[in-house]
Amino acid sequence: MDYSFFLRRSNPELDAILEVKGGLFYPPEGDEPAPLLLYTHQRLAGLRSWAENTLYDKRPCPIEFGLICANELNAFAYTSKNEDPNKLDFIGINIGPIGTLYNIFHRILSVPDSFSEIGNPDLETKDRGALPYLTTNTRQSGFEFQFPNCPIRQQFASELAQIAIEFLFLHELGHLRNGHVDFVRQEMSFDYLPEAFDGRGMRNANLIWQTLEFDADAASLVLCAAQAHTRSRIVSSNIKDYESNSALKAIYENFETTMQMVSYSIYIAFRLFDLSEWSWMNQPNLSHPSPLFRLGSIAPTFFQLFSVKPIYETSPQLYMTNFEQTLYRAEIDCGLIQGTEPDPRGIYDFANSPQRYDYLHQLEACWKEIRPLLNNYVRGGNLAP
Ligand SMILES: [Zn+2]
């Protein structure tokens, strides 16, 4: 497997985009977060190979990926022009959010009351997780790295961070695999598909963009479940080898627990940029569905997946019952690191807002319109109906 930080192939257009974005990350000597980035790069390289070899079954094409030297929460997906004889796809993830996710999960596990069943929480001290506010950019906020004292808790936190990072990567892959990137090139005159941008200049295109984002989230959740299922089977079939590896065992020993941990990680990732209010009025100006809508879609998507795919051997109803506790746990943990009471206002606002169905129906209607066009570009699998 190729873990090199260098791209196997590129083109002048991609090189120019990479330069504007901040350039590709190459590990410097002696830089503190480098080991985390090295490990992340290795894990994402594994996902890249998996995607290239098994998920691009309709229109095969090489996938390149790289970490981008920029701190803000951002990522992008690129595909070369359709007439390019050396067609290639590219996924770029900023290094900032990778550090932020590690930092946040490590801080959560640095609080003894959080996940007290994992490792030895007595090694943690009460004030260590402290974070004055949730942020998508811990570096800009000046919040330094902080690691749990207990090595098992540290490994557990790292794996949760890794799950959230893989969600970001697979979201970009979803844009490529489902033909979104070709679509915005051909139909909307974009050179690539950016994540963070000001949607206010988009006029009537916002709903199309939000629909693509909703589809990329759904695609990523489905692929996250497939990855989690594979890991769960590997860990549970080698359980003796994992006696010393209790952090991974706690996450992957039982698939029902695995999916709760996957849901928890992705929920926390969205929670970092949730403004705690479901604002229907702002939605038309956004490039993405609001964070609350996105985190509110995690459980229904998994529920539906488990209902239609018996391979997962888990009851959708059991998943939903357990997810209530997972959500509650996530809100408690967000409070614990900030030294505040749990604040589930956002999710209650969302859950009690009948307008979320109106919005969902808008996305579904838009999907019906763009789906036939996307079908011309799909790399693999089947688009949602
Ligand atoms: Zn996206």
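Residue indices begin at 1 and follow the sequence shown. Read the numbers this way: they start at 1 and go in the same order the structure lists the ligands and their atoms. Please read these numbers as outputs of a predicted model, since none were measured by experiment.
Vertex the Zn ion (ligand 1); arms to Glu213 atom OE1 and Glu195 atom OE1; angle 100° (nearest 10°).
At a cut-off of 2.8 Å, His171 is counted among the residues with an N, O or S atom near the Zn ion (ligand 1). The Zn ion (ligand 1) has an N, O or S atom of His175 closer than 2.8 Å.
A donor-acceptor contact closer than 3.5 angstrom is absent between the side chains of Asn375 and Lys58.
In this structure, Phe65 has its ring center at least 6.0 angstrom away from the ring center of Phe90.
Residues Glu313 and Phe255 fail the side-chain proximity criterion, which asks for heavy atoms closer than 4.5 Å.
A salt bridge links Glu117 with Arg329; the closest basic N to acidic carboxylate O contact falls under 4.0 Å.
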